[in-house]
Number of protein chains: 2
Amino acid sequence: MPKHAGPSTGEQARQQVLGQLRQAISQGEMAPAQRLVEDELAEQFGVTRASVRAALIELESEGLVERIRNRGSRVRVVSVDEAIAITECRMALEALCAAKAAVTADDEQLAGLAALGTAMSRAVADGEPLTYSELNHQLHTRIRELSGQQVAMRLLERLNAQLVRHRFQLALRPGRPQQSLSERLALIEAIRARDPQRAEAAAHAHLTSLTDALHE
Amino acid sequence: MPKHAGPSTGEQARQQVLGQLRQAISQGEMAPAQRLVEDELAEQFGVTRASVRAALIELESEGLVERIRNRGSRVRVVSVDEAIAITECRMALEALCAAKAAVTADDEQLAGLAALGTAMSRAVADGEPLTYSELNHQLHTRIRELSGQQVAMRLLERLNAQLVRHRFQLALRPGRPQQSLSERLALIEAIRARDPQRAEAAAHAHLTSLTDALHE
DNA sequence: GAGCACAAGATAGTCAACGATTTCGTTGGC
DNA sequence: GCCAACGAAATCGTTGACTATCTTGTGCTC
């Protein structure tokens with residue numbers, strides 16, 4: 001259960017609830033399939049039901065929440081099959097971003113990518129999967145930003161939000177970081193070489209590797 | 001302006017408004033940037049503002065409607081740049097679907113695709129761009145369905161809905177159908193040959209061709 | 001004891017009214 | 001004649017109450 005909200009100030013209620021709820025779900029503070037009763041949330045956040053309702057409708061179309069008529073809302077559980085499907089879409093879009101990033105990025109930005117790459121290598125060598133996971137997240141975010149592809153960016157953010165529960169699982173699997181690291185370094189190299197086709201191919205290779213891993 | 005709603009049957013108000021509004025916008029019955037006043041819509045559809053509001057919130061996160069605090073909603077105008085970005089994403093995802101469809105489709109389904117291909121050829125030969133456009137839409141929908149990729153399907157539907165206004169423009173351009181036809185026939189052939197890589201490549205080729213055309 | 005009908009509780013859906021914010025026209029001063 | 005302050009109109013944001021629907025538990029019948 002999330003803490004009892006914040007200031008509940010005059011700030012727009014829906015926006016606030018939306019943000020807090022999204023964060024709570026995204027960070028796994030709420031159990032999967034947990035029931036989200038409008039009345040309860042309204043009291044917790046100190047707003048009216050209408051605001052909670054609006055937030056839930058929005059979260060539903062973001063895929064974070066599931067709503068059943070007259071029955072209530074709950075945190076959506078993403079099955080493994082679905083996680084695979086989502087990952088496939090993610091990678092298709094990230095390949096697009098990588099290709100664009102390879103073309104549009106300037107030298108400074110490329111240097112930043114390289115720095116991230118070495119940091120990731122170190123994290124793996126030091127056996128720190130959580131640091132690695134965090135850096136990895138940063139890398140993907142950075143590539144998205146470099147691409148300048150706003151639409152893809154928005155879609156990816158949405159898709160990623162649905163995967164929280166599955167992300168940890170993968171990062172902590174022994175041997176997994178080593179493999180994904182090399183794939184990611186290849187991706188970074190391709191972008192640095194400003195080679196969009198290679199970047200795309202590298203992202204694709206990473207796709208198959210990831211979905212295979214998800215299959216267990 | 002859309003007609004005065006339908007039966008207003010026992011169907012849930014929000015669902016009804018949502019459907020009608022979405023259709024009205026998707027089919028271009030509402031001018032771009034047209035103001036959508038909650039009160040007016042409520043009266044037109046014979047429901048209360050709350051229901052309209054809920055529908056508008058949902059449409060906003062689908063990207064069909066733009067809402068500004070205390071200022072109202074309006075039909076979102078998609079700039080050409082944005083249309084290009086959307087098309088890029090569409091194609092990345094459709095390439096994924098095509099590749100999967102090439103693997104999973106059965107003989108009967110492949111025959112259906114082939115039939116669509118010949119119908120499209122005929123439409124172009126007969127100089128009927130609207131029929132061609134419609135068939136084309138069917139083709140893409142079919143491929144999506146064959147892929148069995150639910151997530152990609154949902155994303156694509158959403159992206160397509162945002163492009164209505166730009167679609168006609170392209171279909172009616174002289175010479176355009178001929179080019180896109182050959183690309184699409186290649187795509188169909190690749191899927192029929194159950195060759196995922198070629199299918200993906202064909203979809204990609206179509207991507208560049210389409211975005212180039214959008215650039216004018 | 002099993003199954004069905006009914007009633008009670010919980011919860012989302014809908015509604016009408018009130019309050020806040022923005023926009024735009026009007027008036028007064030300079 | 002132009003600009004600023006004021007005020008009215010329009011519109012969204014919020015609220016509390018009411019209603020419809022679903023779930024669950026209970027008692028009655030067979």
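Letters go in sequence order (proteins before strands), and every chain restarts at 1. These numbers were taken from a predicted model, which means no experiment stands behind them.
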- For Q34(B) and A31(B), indicate whether the former's side chain and the latter's backbone hold a donor-acceptor pair under 3.5 Å. yes
- Message: Assess whether a salt bridge exists between D106(A) and R194(A), defined as any Lys/Arg side-chain N lying under 4.0 Å from an Asp/Glu carboxylate O.
- Response: no
- Message: Using whole Å, what does the distance between atom P of nucleotide dG19(C) and atom CZ of R49(B) come to?
- Response: 15 Å
- Query: For F45(B) and dC15(C), what is the distance between atoms CZ and C1' respectively, to the nearest whole Å?
  - Reply: 18 Å
- Value in whole Å for how far the C1' atom of dT14(C) lies from CD1 of I57(B): 15 Å
- Send over the distance from L18(B) CG to dT14(C) P, rounded to a whole Å. 12 Å
- Message: Between R22(A) and E58(A), does any side-chain N to carboxylate O distance fall below 4.0 Å?
- Response: no
- Once you round it to whole Å, what is the distance between C1' of dC12(D) and CD of E66(B)? 16 Å
- Message: Let's see if you can work this out: which of dT14(C), dT14(D), dT21(D) has an atom nearest to the side-chain heavy atoms of R69(A)?
- Response: dT21(D)
Which atom pairs, donor and acceptor, lie under 3.5 Å between side-chain atoms of residues 79-86 of chain A and protein residues at least two apart or in another chain?
unit_1: S79(A); atom_1: OG; unit_2: E82(A); atom_2: N; d: 3.1
unit_1: E82(A); atom_1: OE2; unit_2: R76(A); atom_2: NH1; d: 3.0
unit_1: E82(A); atom_1: OE2; unit_2: R76(A); atom_2: NH2; d: 2.9

- So what does R67(A) touch, heavy atoms closer than 4.0 Å: a base, only the sugar-phosphate, or nothing? sugar-phosphate
- Item | Protein-nucleotide distance (Q15(B), atom CD; dA20(D), atom P), rounded to Å | 19 Å
- Task: Provide, to the nearest angstrom, the distance between the CG atom belonging to L41(A) and the C1' atom belonging to dA12(C).
- Result: 13 Å
- Note on the structure: Residues at least two apart in sequence or cross-chain that pass side chain to side chain contact (heavy atoms under 4.5 Å, CB included) with Q150(A), listed by chain then number, are none
- Query: For dG13(C), does OP1 or OP2 lie under 4.0 Å from any side-chain N or O of R53(A)?
  - Reply: yes
What's touching nucleotides 9-11 of chain C from the protein side, N or O pairs under 3.5 Å?
none

- Message: In this structure, how many angstroms lie between the C1' atom of dG16(D) and the CD atom of E43(A), rounded?
- Response: 15 Å
- Among dC15(C), dT15(D), dG13(C), the one nearest A50(A) by side-chain distance: dT15(D)
- Task: Check each of E40(B), E38(B), E43(B) against R49(B) using the salt bridge (Lys or Arg N to Asp or Glu O under 4.0 Å) test, and report the only one that passes.
- Result: E38(B)
- Is there a side chain to side chain contact (heavy atoms under 4.5 Å, CB included) between M153(B) and E157(B) once you walk through the steps? CA-CA 6 Å; M153(B) 213 170 115; E157(B) 272 163 15; 3.9 Å; yes
